Structure formats: structure tokens, C-alpha cells
Colleague: 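Structure in C-alpha cells, see below.
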Number of protein chains: 2
Amino acid sequence: MAETGTKAPRERYRAQVRAEIKERAWEQIATAGASALSLNAIARSMGMSGPALYRYFAGRDELITELIRDAYRSLADAFHAAATGSDPAGPDPLGPDAPGPDVARPDVDALARALRRWALDDPHRYFLIYGTPVPGYHAPDDITAIASEIMATLLDACAASPSDRPATPFDAHLDEHRQWAGGHPAPPAALRRAMAFWTRLHGVLSLELAGHFTGMGFDPALLFEAELDDLRVT
Amino acid sequence: MAETGTKAPRERYRAQVRAEIKERAWEQIATAGASALSLNAIARSMGMSGPALYRYFAGRDELITELIRDAYRSLADAFHAAATGSDPAGPDPLGPDAPGPDVARPDVDALARALRRWALDDPHRYFLIYGTPVPGYHAPDDITAIASEIMATLLDACAASPSDRPATPFDAHLDEHRQWAGGHPAPPAALRRAMAFWTRLHGVLSLELAGHFTGMGFDPALLFEAELDDLRVT
DNA sequence: TGCGTCCGTTAGAAGTTATAACTCTGTGCG
DNA sequence: CGCACAGAGTTATAACTTCTAACGGACGCA
């Protein structure tokens, strides 16, 4: 990490320009969405013209892949920070106000709120990961590795709080096909809860971020918390 | 409906060409995704060249809006068919095999399975409605009207099966801000359950359709049914 | 039969990604 | 210290895209 400062100047400059390109790309995505990302517009906004960007990225696809990788990395970091309590935004800012019906699960709750904060912080970044898939695209291995890291953090948290819910047939199915857990020693109930965490919170968040709740009147934050409460008994 | 046959030949031809354009558009979306939809390619595949399509659609946006409208209409019809039992695919094909822990709720279950069938039938159509939103786009009123129709069908089903779950503060919040229900007389518990139906099943379906479960080993259909089971106690 | 509307055409402007070829500058090595 | 080479940025070009404009022809209605 610290060695990047001692690199050759040529390479240093290259890394700096790459970083600026990605930064402009994020800005552009934030205003016009990922599908409208234009290499030409990025080059223009940087004062250089057109094909110069091809020195730094093989093409639009490689740039977007890099952005997706950064998005996954950012989520993994946010999860890790929330799990270890080193959350820069403070430990659950809206957490203690509304204690759940039962015992507190600091890990899972902190993860959920970190996820929501992370998603609201940049909706386009969220949709880059969880939005409409690009038909031909397959994520490279290092990106799926980050996804596994995220899942491992979630499984840690779910395994930390035991469940008193009776096992269902689906719990057994999930336990029989647990290769997706990547060797994580979580019990079946934790597998089930991690999956429910993922699917339910994604359900709420993706609808909220896509604007399907706008004009409906209720508060999406309360819906999120209600789903989080229901996860407590799952 | 039957009057379209008696229309003027000019208008009849126009409607026919519009329909064929939309058909080709769906084919193209199915293979390359909505973002890659090209008017030029559609025209080429129809044997006519380029700008001829502008006689029928003001532009790409209008065509896509039309496709979104058709997608909503199709989902509303599928829901309505499932709710009234006139389901062309037969009443819940995988339903009776695994009876839930409690009383059967034919309406809600049928709706859920109709939703999954509809989604798997054409994933791109699903993402046209529930996928990454286009930044500048706002759906016209008649489309939001179809969305309300879908929600009304769901609320009907949820109101039909009473809940023995104690009311939560969020149920009250949903009841206080119930303008999204469009005057539907559903009780608070039904509002809550409809919302959970929507968000949870969307969570599972969208992750499944986007391919986030591929290679994980478990069966997404069982996850869907497990979430449907959990809705029974919500 | 004739007139007018509407359809499909070609031409062209402005944008995109991406490649090829050229210039020039800065780096590192002898 | 100077020189040669690698690499950055340039322009030109090709092949796309959406979309506008102007033209010709055919079809339907009176």
C-alpha cells in the first residue's frame, strides 16, 4: 500500500489519471446513470480529447468493470467496518431509539443499517451491483471473491446471534447445499437468516432507491426497520 | 376491442406495424437487454430502413415507455387472472404439493406464484418495471394507474385472509399514511402484509433473475416458497 | 377520376465507441 | 550529459447510433 508512493513517476502519473477518470465516471453516473456513461464526455471534462482514455482503459466495459469492482470493495469495507464496530459514521445512529421486541443483535442490526446508509449514500453505486444485469456480462473472479467476503461478514453476524426458531425444510436444503457459504461454519439457522437478510433488505432498498415508494406517503426508513424487526424472528 | 376490426384500413395497417415493431423490440430486448435496444436494428430486421420508424414512435423513449406500459398491463392481467382463478396456466401448479404450516391462503399464494411465473417467463420484462431506473424518466399517469390496479389486486388478496399477528407500530404508520392504497378498505394488517409481499418477493425474484444465485447451489424456487411461507405469519 | 394524406425513402447533422497513425515529451540508461 | 525509446496525447477515420429534413410515390376517400 505505502509502496505506491515509491513507484516510478511514469506509473504514478498513470495511476493518478486512472483515478481521475474513475472519479469523473462516478460523477457522470450520479447524474445520468451508468447506461449514459460516455468516455468522450469524460475525456472532454478532463480537458483531453477522445481516444486518449484508451491508454488507461481498454474500453467502456473495462471502465465499468473497474467501477463495479470499486463498488463491491466499498460495500465490503462498509460491512467490515460495521461488523468490527469501527464504523466511521458512529455505531448505529438510528439504532438505540427503537429497541426491538426482543434481545438486541448489534452485529446484524449494525450491518443492516450500514447497508442502508451505504445504499442511500450513492444509489447508482447500489444499482451498479444489484440493478438490471448486463446480458453478456460475467464478473471476473476477483469480484466474486469480494462478494464472498461480504457474505462471510454477514454469516459471521448471523451466526453470532442464536435462533430459537424451529428449523424448516428449507433450512435443511440450505444446509445441504452450503457451498455458497464458502466453508463458513454457520449453523443452518444462520444460513437461513443471512439469506433472508440479503433478499428482504435488498427488496426494500431496491424499491426505495428506484423510486417505487415516492408519492406513497409512508416512510421507507420505517419499512426498512420493520423488516429488520421481522428478521429478528426468522 | 372488436371495433378495431372495423377501423379504417390506414389505421389498421398502422396498428399492425406498431405491433410488429414492439414485437421485434421485445425480441431484441430479450437477447441484448433494454439498454441495447436499437431503432435502426429493428427497422433493419423489418426490411425497412431507419427513419421510417419515426412515423410510428416519436423516438426511442416513446417506444420504451410503450413497452413498459405493456409490461405493467401484462403483470396486471396475470395478477387478475390469478386472483379470479381464471389462471390459464392452471391454479397454482406447484402449490398443493407443499401445504404451509397453517391455513391455506389461495389468493395470496396464487398471486405469488403467478408473479414468479410471470417474472421467469421474461426476465427482461420484469427488469423493465423493477430494474435500474432511468434517471430522467417519470412514468405517465396511465402507467401509475396500472400499478395501482396491481396493488389493489394484491390488497384484495391480503385483506381476504385475516391475520392473528399483533399489530406493530409500523402497521399503525402504514394505516396513517394509506393514500398509497388508493382508498382500498384493507385493514392495517393487510396493508402490512401486502407491503411485505411486494418487497420480499421482489427481493428474492430480482436477485434470482439477475443471476446473483447462480453457482450458489441451492434452489431459488425453494427460497421463494420459504419466503412465501414466512409471509403467512406476517 | 382526382386530390390529399400518410408512408417510406435518401441525405445529413450530431453524437457515440474504438482503431490507426503520427508527434512530442519525459524517463532512464549509458 | 546526451541520446534513444517508451508512452501520452493528438488528429483522422470507420462504423455505429438517434433523429430531422426534404422528397417521391402510393393508397384511400370523395
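Lettering follows sequence order; numbering is per chain, from 1. Note that the structure is predicted; figures quoted are calculated from it, not measured.
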Colleague: Counting side-chain heavy atoms from C-beta on, which of D:dT17, D:dA6, D:dA26 comes nearest to B:R10?
Modeller: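 Of D:dT17, D:dA6, D:dA26, D:dA26 is nearest to the side chain of B:R10.
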
Colleague: If you find the nucleotide of DNA chain D closest to B:L39 and the one closest to A:G47, which residue's nucleotide is nearer the 5' end?
Modeller: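 So the residue in question is A:G47.
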
Colleague: Does B:S49 make a side-chain N or O approach to OP1 or OP2 of C:dT9 shorter than 4.0 Å?
Modeller: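 Result: no.
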
Colleague: Is a salt bridge present between B:E227 and A:R192, judged by a nitrogen-to-oxygen distance below 4.0 Å?
Modeller: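 Salt bridge: yes.
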
Colleague: Do A:M46 and A:V17 come within less than 4.5 Å of each other through their side chains, counting heavy atoms only?
Modeller: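 With C-beta onward as the side chain, the pair touches.
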
Colleague: Nearest to the side chain of A:P51, which nucleotide is it out of C:dA18, D:dT18, D:dA21?
Modeller: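 Among the listed nucleotides, the one closest to the side chain of A:P51 is C:dA18.
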
Colleague: Kindly say if A:S38 contacts the phosphate of C:dT17, meaning a side-chain N or O under 4.0 Å from OP1 or OP2.
Modeller: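 For A:S38, the contact criterion (side-chain N or O under 4.0 Å from OP1 or OP2 of C:dT17) is met.
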
Colleague: Taking NZ, NE, NH1 and NH2 as the nitrogens, is one of them in B:E149 or B:R73 under 4.0 Å from a carboxylate oxygen of the other?
Modeller: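 Looking at B:E149 and B:R73, the cut-off is met.
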
Colleague: Nearest-Å distance, CE (B:M46) to P (C:dT9)?
Modeller: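 It is 10 Å, rounded to the nearest whole Å.
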
Colleague: When you get a sec, tell me which of C:dG15, C:dT19, C:dG8 is the closest nucleotide to the side chain of A:Y54?
Modeller: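 Among the listed nucleotides, the one closest to the side chain of A:Y54 is C:dT19.
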
Colleague: Regarding A:R125 and A:S74, do their side chains bring together a donor and an acceptor under 3.5 Å, going by distance alone?
Modeller: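 Side chains of A:R125 and A:S74: pair found under 3.5 Å.
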
Colleague: Among C:dT9, D:dC19, C:dT16, find the nucleotide with the atom closest to the side chain of B:M48.
Modeller: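 Side chain of B:M48 sits closest to C:dT9.
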
Colleague: Nearest whole angstrom, please: distance from the C1' of C:dG26 to the CD of A:E11.
Modeller: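 The answer, rounded to whole Å, is 15 Å.
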
Colleague: Please list residues of residues 55-70 of chain A whose heavy atoms come under 4.0 Å from any atom in DNA chain D, ordered by number; otherwise none.
Modeller: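 Within this stretch, A:R55, A:Y56 sit under 4.0 Å of the strand.
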
Colleague: Would you indicate, yes or no, if D:dA6 has its OP1 or OP2 atom less than 4.0 angstrom from a side-chain nitrogen or oxygen of A:Y13?
Modeller: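 No.
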
Colleague: Rounded to whole Å, how long is the line connecting atom CG of B:L53 with atom C1' of C:dT9?
Modeller: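 Interatomic distance, CG of B:L53 to C1' of C:dT9: 13 Å.
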
Colleague: How many whole angstroms separate atom CD of B:Q16 from atom P of C:dC6?
Modeller: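 Computing the B:Q16:CD to C:dC6:P distance gives 18 Å.
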
Colleague: In this structure, how many angstroms lie between the C1' atom of C:dA14 and the CZ atom of A:R44, rounded?
Modeller: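 Interatomic distance, CZ of A:R44 to C1' of C:dA14: 11 Å.
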
Colleague: Looking only at the side chain of B:N40 (C-beta and beyond, no hydrogens), which of the listed nucleotides D:dG9, C:dT16, D:dT18 gets closest?
Modeller: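 Closest nucleotide to the B:N40 side chain: D:dT18.
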
Colleague: Nearest of C:dT17, D:dA8, C:dT9 to any side-chain atom of A:R14?
Modeller: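 Per side-chain heavy atoms of A:R14, the pick is D:dA8.
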
Colleague: Can you tell if the side chain of A:R193 reaches within under 4.5 Å of the side chain of A:V108, non-hydrogen atoms only?
Modeller: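 A side-chain contact under 4.5 Å is absent here.
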
Colleague: Starting at CG of B:L37 and ending at P of D:dT17, how long is that distance when rounded to a whole Å?
Modeller: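 Going from CG in B:L37 over to P in D:dT17 covers 12 Å.
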
Colleague: Taking the side chain as C-beta and beyond, is there a heavy-atom pair between B:D230 and B:R200 under 4.5 Å?
Modeller: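 Yes, their side chains come closer than 4.5 Å.
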
Colleague: From the list D:dT17, D:dG9, C:dT17, which nucleotide is the closest neighbour of the side chain of A:A52?
Modeller: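 That would be D:dG9.
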
Colleague: Quick one, B:E11 with B:R14, criterion salt bridge (Lys or Arg N to Asp or Glu O under 4.0 Å). Give me CA distance, side-chain angles, the key distance, then yes/no.
Modeller: CA-CA 5 Å; B:E11 208 151 339; B:R14 183 175 178 80; over 6 Å; no

Colleague: Distance check needed: C:dT17 C1' versus A:I21 CD1, whole Å only.
Modeller: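 A:I21 atom CD1 is separated from C:dT17 atom C1' by 15 Å.
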
Colleague: Cut-off 3.5 Å, side chains only: do A:D156 and A:H184 have a donor facing an acceptor?
Modeller: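 Yes, side-chain donor-acceptor contact under 3.5 Å.
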
Colleague: Tell me the interatomic distance from B:R12, atom CZ, to D:dC27, atom C1', rounded to whole angstroms.
Modeller: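 Rounded to whole Å, this separation is 16 Å.
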
